Protein chains: 2
Amino acid sequence: MRPTTVDDLRADAARNRARVLEVARELLAAGEATLPMNTIARLAGVGIGTVYRHFPTRQALLESAVMGGFEQLLAEAQSAAADDDPGAGLERLLRYGIRLQLGDVGLAAVLRSPECACARTSRLRADLLKAVGRLLERAREAGAIRPEIGADDVRRLSCGIVQAVRAGSSDEAEIDRYTNVLLCGIRPDR
Amino acid sequence: MRPTTVDDLRADAARNRARVLEVARELLAAGEATLPMNTIARLAGVGIGTVYRHFPTRQALLESAVMGGFEQLLAEAQSAAADDDPGAGLERLLRYGIRLQLGDVGLAAVLRSPECACARTSRLRADLLKAVGRLLERAREAGAIRPEIGADDVRRLSCGIVQAVRAGSSDEAEIDRYTNVLLCGIRPDR
DNA sequence: GCACAAGCGGAGAGTGCATCCGATTTGCGT
DNA sequence: ACGCAAATCGGATGCACTCTCCGCTTGTGC
């Protein structure tokens, strides 16, 4: 039987996998979004074959590298969905999600792409959309959002705003300014 | 003296240049945004060297290829800036610009990038921003837009919305829905 | 210890970018 | 019409990155 979790890996394999992930996160943190596979292999001190064995595609590596941030976002979304005031919860979630993406080019890339390669992240994504869906439903009832906006619209629009912020100086004032445009844009006309 | 305009080119050179541009536009129209230089050379029936001589970088080729669309956008912006109702002019311009970008991946890429490589497009861009600036100033006076939104914010936000639309089915309803979010988002609170 | 499966690593083929320079073509002056 | 210099052509070349494949090494269970 093939190993299905990290724990089933041989000790050296687990070590190599961890090193590759570590290097990938370092590159992402340094703003390198391309993640050249050969560079990663070299920096991690492993062969290229090893990188490809653990992560068959760059997308798979990327998704594994940003798993942590993704989980934080999901937790925030679930908390927001349980907020007494859905309008406030939505605003809090959007402000959080946008800042999270701005601080993590990898996570932003994963959220931007229409689907996830690995099952683990696919599930996170589905859970996230479900939580946002619940939040939106309550926000609609409370009249805090335009009724035609769905969970995936929120995802795509946030990613768009993130890219708009990134295209400039990305200072605090701009983040707030652009986030406000999104927040006001999805609020119903009064 | 070196040729400074297309007319100064030798007959064969002008022919090759036109062919390369034609092929580039075809690829862009087919949704190919990468524009591989060797592919372009092959399709245009010229050597790679010829492509690079006329267009030293991919960006330069891209900008030359989308010049026409850019000029249309500028014309629309200047017309909008002269509109009696600046609010209506702004809405018209944004709807036009977003649809234009959705129909032309090349133009969208050029508008998204922070600056232009060739002088010709740099000037178009400067003129465009100037026209939008005039439009915004009038819109501010008329209370049709949040005062903190500038011309470059409009550019970046539109590009963000375009990318958000592109991330999905891009059907008519979605284009309107997302464009409305932007329009409402930049309107002042009432 | 030993056997053997799991894992390793890098050679190599493929693709694309960008440069350089010898071969070719063109336009001009006569 | 013709010859020449300048302008232009085109692909060979070197470099970077991707991804596969397979012989060798190493960890693990007995």
Side-chain angles (χ1 to χ4, degrees), chain A residues 1-24 26-28 30-65 105-106 109-110 113 117-118, chain B residues 1-24 26-28 30-65 105-106 109-110 113 117-118:
Chain A
M1 168 176 161
R2 285 300 164 86
T4 50
T5 78
V6 177
D7 305 324
D8 291 337
L9 286 175
R10 227 167 66 175
D12 56 340
R15 213 179 319 132
N16 282 333
R17 187 177 191 282
R19 254 192 227 141
V20 168
L21 271 181
E22 191 184 345
V23 167
E26 277 168 19
L27 288 184
L28 286 176
E32 290 288 331
T34 28
L35 292 189
M37 302 299 251
N38 54 354
T39 303
I40 289 175
R42 186 168 41 77
L43 292 179
V46 302
I48 302 181
T50 301
V51 176
Y52 276 97
R53 189 160 342 91
H54 289 298
F55 308 100
T57 66
R58 188 197 321 289
Q59 181 69 17
L61 170 58
L62 186 62
E63 288 176 18
S64 297
V105 286
V110 170
S113 77
C118 83
Chain B
M1 168 175 164
R2 286 300 164 85
T4 52
T5 78
V6 177
D7 305 322
D8 291 338
L9 286 175
R10 228 168 64 176
D12 57 339
R15 212 180 320 130
N16 282 333
R17 188 178 192 280
R19 255 192 225 140
V20 168
L21 269 181
E22 191 185 347
V23 167
E26 277 168 18
L27 287 184
L28 286 176
E32 291 288 331
T34 30
L35 291 189
M37 301 300 251
N38 54 358
T39 303
I40 288 175
R42 187 168 39 76
L43 292 178
V46 303
I48 302 181
T50 301
V51 176
Y52 275 100
R53 187 161 341 91
H54 288 299
F55 308 101
T57 65
R58 187 197 321 291
Q59 182 69 16
L61 170 57
L62 186 62
E63 288 176 17
S64 297
V105 287
V110 170
S113 77
C118 81

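Only a predicted model underlies this, so the values are computations on that prediction, with no experimental measurement involved. Note on naming: letters A, B, ... go to the chains in the order of the sequence lines (proteins, then strands), and numbering restarts at 1 for each one.
Here D:dA16 presents its P atom at 15 Å from CD of A:Glu32, a figure rounded to the nearest Å. For the pair A:Arg42 CZ and D:dT18 P, the interatomic distance rounds to 12 Å; values are reported in whole Å. Spacing between atom CG of A:Asn38 and atom C1' of C:dG14 amounts to 15 Å, rounded to whole angstrom units. Rounding to whole angstrom units, CZ of residue A:Phe55 and P of D:dT18 are separated by 15 Å. Following rounding to the nearest Å, A:Ile40 (CD1) and D:dT18 (C1') show an atom-to-atom distance of 12 Å. The separation between B:His54 atom NE2 and C:dA18 atom P is 17 Å, rounded to whole Å. Remark: P of C:dA13 and OH of A:Tyr52 are 17 Å apart, rounded to the nearest angstrom.
Nearest approach of A:Leu62 to A:Gly106, heavy atoms of both residues: CD1-CA, 3.9 Å. Smallest separation of non-hydrogen atoms from A:Ala65 and A:Leu28: CB-CD1, 4.0 Å. Between A:Glu63 and A:Ala117, the closest heavy-atom pair is OE2-N, 2.7 Å.
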Dump the pairs, protein N or O against N or O of nucleotides 26-30 of chain D, anything under 3.5 Å, distances to one decimal.
from: D:dT26; atom 1: O2; to: A:Arg10; atom 2: NH1; distance (Å): 3.3
from: D:dT28; atom 1: OP1; to: A:Ala11; atom 2: N; distance (Å): 3.3

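Listed nucleotides C:dA18, D:dC9, C:dG10 differ in distance to B:Asn16; the shortest reach to its side chain belongs to D:dC9. Of the candidate nucleotides D:dT18, D:dC9, D:dG11, D:dG11 has the atom nearest to the side chain of B:Ile48.
Here the CD1 atom belonging to B:Ile40 is positioned 9.0 Å from the OG1 atom belonging to B:Thr34, to the nearest 0.5 angstrom. How far CG of B:Leu43 is from CG of B:Leu27: 6.0 Å, rounded to the nearest 0.5 Å.
Contact annotation for B:Arg53: base contact, defined as any heavy-atom pair under 4.0 Å involving a base atom.
Residues A:Pro56 and A:Thr39 both approach DNA chain D. Their nearest nucleotides, taken by heavy-atom distance, put A:Thr39 toward the 5′ side. Nearest-nucleotide assignment on DNA chain C puts the 5′-proximal partner with A:Gly45, out of B:Gly49 and A:Gly45.
Within the structure, a side-chain polar atom (N or O) of B:Thr50 is placed less than 4.0 Å from OP1 or OP2 of D:dG10.
Here the side chains of A:Leu61 and A:Met37 are in contact, with some heavy-atom distance below 4.5 Å. Contact annotation: the side chain of B:Val20 never approaches that of B:His54 to less than 4.5 Å [non-hydrogen atoms, C-beta and beyond].
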